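Worksheet for the structure shown next.
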Amino acid sequence: MTRIAFIGLGNMGGGMCANLVKAGHAVAAFDLNQDAVKAVAAKGARAASSVADAVRDADVVVSMLPAGKHVLGVYFGPDGVCAQAPKGGLLIDCSTIAVTDAREAHAQAERAGFLMVDAPVSGGVAAAEAGTLTFMAGGAADAFGKAEPILKGMGKNIFHAGGAGNGQAAKIANNMLLGISMIATCEAFNLAEKLGLDAETFFKISSVSSGQCWSMTSYCPAPGPVPTSPANRDYKPGFAVAMMLKDLLLAADAARASGAGIRLGEHAASIYQALSDKGFAGLDFSGVMKDVKGGSAG
Ligand code: NAD
């Protein structure tokens, strides 16, 4: 049993925190939203009244927060984790944040006497609840070695992607590929339909041909072929346009900083941005199909 402080109990963090309790850890949980704290307290976590209260005797701190500014504030603010937790502990940040913010967090954590791992996830709310997330972790080998058994309580596939920030690098490169491939899949289904093929027929052919990809076979954006995909419930998320846009903008920043060319990644960001500007930020990202069908994507 490990003493864990969990900070950030939103759509993802709530289920992840509950799974750590289920795995037999003593978990103290904190969120600015009291209802979120009550929900995990009902599942066996200790309701903490502040970050300081949550981390006061923690061996490990796990966080699942919206963005880099929240992560840096929670860890390094005056009443934050590093000022309040016992020195020598392990910090695991599972939020999706900029590679530069993650590397800054690692450097500050090390200076304050903590081990750190950036461990963003692939998989949505359902995987967070089921404990089947994929974690891609960045950090020193000893930090990863200590984090792995904790991450196993919340996920199925755990990868060590390399040093500080490499978890975030893997995450945004993967999600950029997903964002692009989803638009390409929508365009292919729309073109096939305009040329006289129905979605089922095109799916049968392309899903076993060279155009096959995850966006098609697991998450088909055309209604019909994949019953579990959001296309069959009018693109209710799932993984919202706003989340995809966030990840593509992080990828664009990281590409600029590293000199990597991502022409399609930037174009994909502009397509999701346009969808968001039209009021569809809350739609599943496969709802880009609506835009493609309207003929305005791109
Ligand atoms: P969310 O907004 O539902 O949850 C974030 C929680 O953090 C909220 O409950 C909020 O009150 C809390 N919070 C914010 N500032 C805080 C502070 N200073 N102290 C304590 N709590 C604070 O977001 P989410 O959907 O759970 O996503 C969390 C992270 O996971 C994001 O970085 C997101 O990009 C990433 N992610 C989300 C999904 C998804 O499908 N939702 C999938 C993969 C990765």
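Whatever order the structure lists them in is the order used to number ligands and atoms, beginning at 1. These numbers come from the heavy atoms of this one structure, side chains and all, not from hydrogens, waters or symmetry mates. The model shown is predicted, which means the values in this text are computed figures rather than measured ones.
- Less than 4.0 angstrom separates some heavy atom of Gly124 from each of these atoms of ligand 1: 40 (O).
- Nearest protein heavy-atom contact of atom 30 (O) of ligand 1 is Met64 CE, 3.0 Å.
- Residue Gly123 places a heavy atom less than 4.0 Å from ligand 1.
- Evaluated by nearest non-hydrogen atom to atom 11 (O) of ligand 1, the leading choice among Leu9, Leu32, Asp31, Asn33 is Asp31.
- Residue-to-ligand polar distances keep Gly238 apart from ligand 1: every N/O pair is separated by 3.5 Å or more.
- For Lys171, every heavy-atom contact with ligand 1 shorter than 4.0 Å involves the side chain, none the backbone.
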- With ring pair (Phe, Tyr, Trp, His ring centres under 6.0 Å) as the test, would you mind laying out the steps for Phe6 and Phe30 before giving the verdict? CA-CA 6 Å; Phe6 201 111; Phe30 177 68; over 10 Å; no
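- Of all atoms in ligand 1, numbered sequentially from 1 with element shown, those under 4.0 Å from a heavy atom of Phe239 are 40 (O).
- At the top of the distance list for atom 39 (C) of ligand 1, counting protein heavy atoms only, stands Met12 SD, 3.5 Å.
- Counting atoms of ligand 1 from 1 in the listed order, those under 4.0 Å from a heavy atom of Ser95 are 32 (O).
- Asn11 N, 2.9 Å is the protein heavy atom nearest to atom 3 (O) of ligand 1.
- Listed by number with element, the atoms of ligand 1 under 4.0 Å from a non-hydrogen atom of Val121 are 43 (C), 44 (C).
- At the top of the distance list for atom 4 (O) of ligand 1, counting protein heavy atoms only, stands Gly10 CA, 3.3 Å.
- Ligand-side atoms of ligand 1 in range of Gly8: 7 (O), range being under 4.0 angstrom from any heavy atom.
- Side-chain N or O atoms of Ser206 include none that pairs as donor or acceptor with a backbone N or O of Phe203 at under 3.5 Å.
- Residue Met243 has at least one heavy-atom neighbour below 4.0 Å for each of these atoms of ligand 1: 25 (O), 34 (O), 41 (N).
- Counting protein heavy atoms only, atom 13 (N) of ligand 1 is closest to Leu65 CD2, 3.6 Å.
- The shortest N or O to N or O distance between Val74 and ligand 1 is not below 3.5 Å.
- Under the 3.5 Å distance criterion, the side-chain polar atoms of Asn166 are matched with a main-chain donor or acceptor of Ala161.
- Close contacts between ligand 1 and Phe30 involve ligand atoms 19 (N), 20 (C) [criterion: under 4.0 Å to a heavy atom].
- Remark: ligand 1 and Pro66 share an N or O pair separated by less than 3.5 Å (distance only, no angle test).
- For the pair Lys290 and Asp284, the salt-bridge criterion is not met [side-chain N within less than 4.0 Å of a carboxylate O].
- For the residue pair Ser50/Asp53, the side-chain donor-acceptor check at 3.5 Å is not satisfied.
- Under the 4.5 Å side-chain criterion, counting only non-hydrogen atoms from C-beta, Val241 is not in contact with Val288.
- Using a 4.0 Å cutoff on heavy atoms, Gly73 does not count as a contact of ligand 1.
- Comment: Asp291 engages Lys278 in a salt bridge, judged by a side-chain N to carboxylate O separation of less than 4.0 angstrom.
- Other residues, nucleotides and ligands contribute more than 12 heavy atoms inside 6.0 Å of the NZ atom of Lys87.
- Of the candidates Asp142, Ile4, Leu115, Leu115 is the only one forming a side-chain contact (heavy atoms from CB on, under 4.5 Å) with Leu90.
- Considering backbone and side-chain N/O atoms, Lys246 comes within less than 3.5 Å of an N/O atom of ligand 1.
- At least one donor-acceptor pair under 3.5 Å links the side chain of Lys171 to the backbone N or O of Val121.
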- Query: Checking side-chain hydrogen bond (donor to acceptor under 3.5 Å, both in side chains) for the pair Thr2/Asp59: CA distance, chi angles, key distance, verdict?
  - Reply: CA-CA 7 Å; Thr2 307; Asp59 308 311; 5.3 Å; no
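- Within a 6.0 Å sphere centred on CD of Glu110, heavy atoms belonging to other residues, nucleotides or ligands number 12 at most.
- Residue Thr96 holds the heavy atom nearest to atom 35 (C) of ligand 1 of all those in Leu250, Ile97, Thr96.
- The side-chain contact (heavy atoms from CB on, under 4.5 Å) test with Ser215 singles out one residue from Ile180, Ile183, Thr185, and that residue is Thr185.
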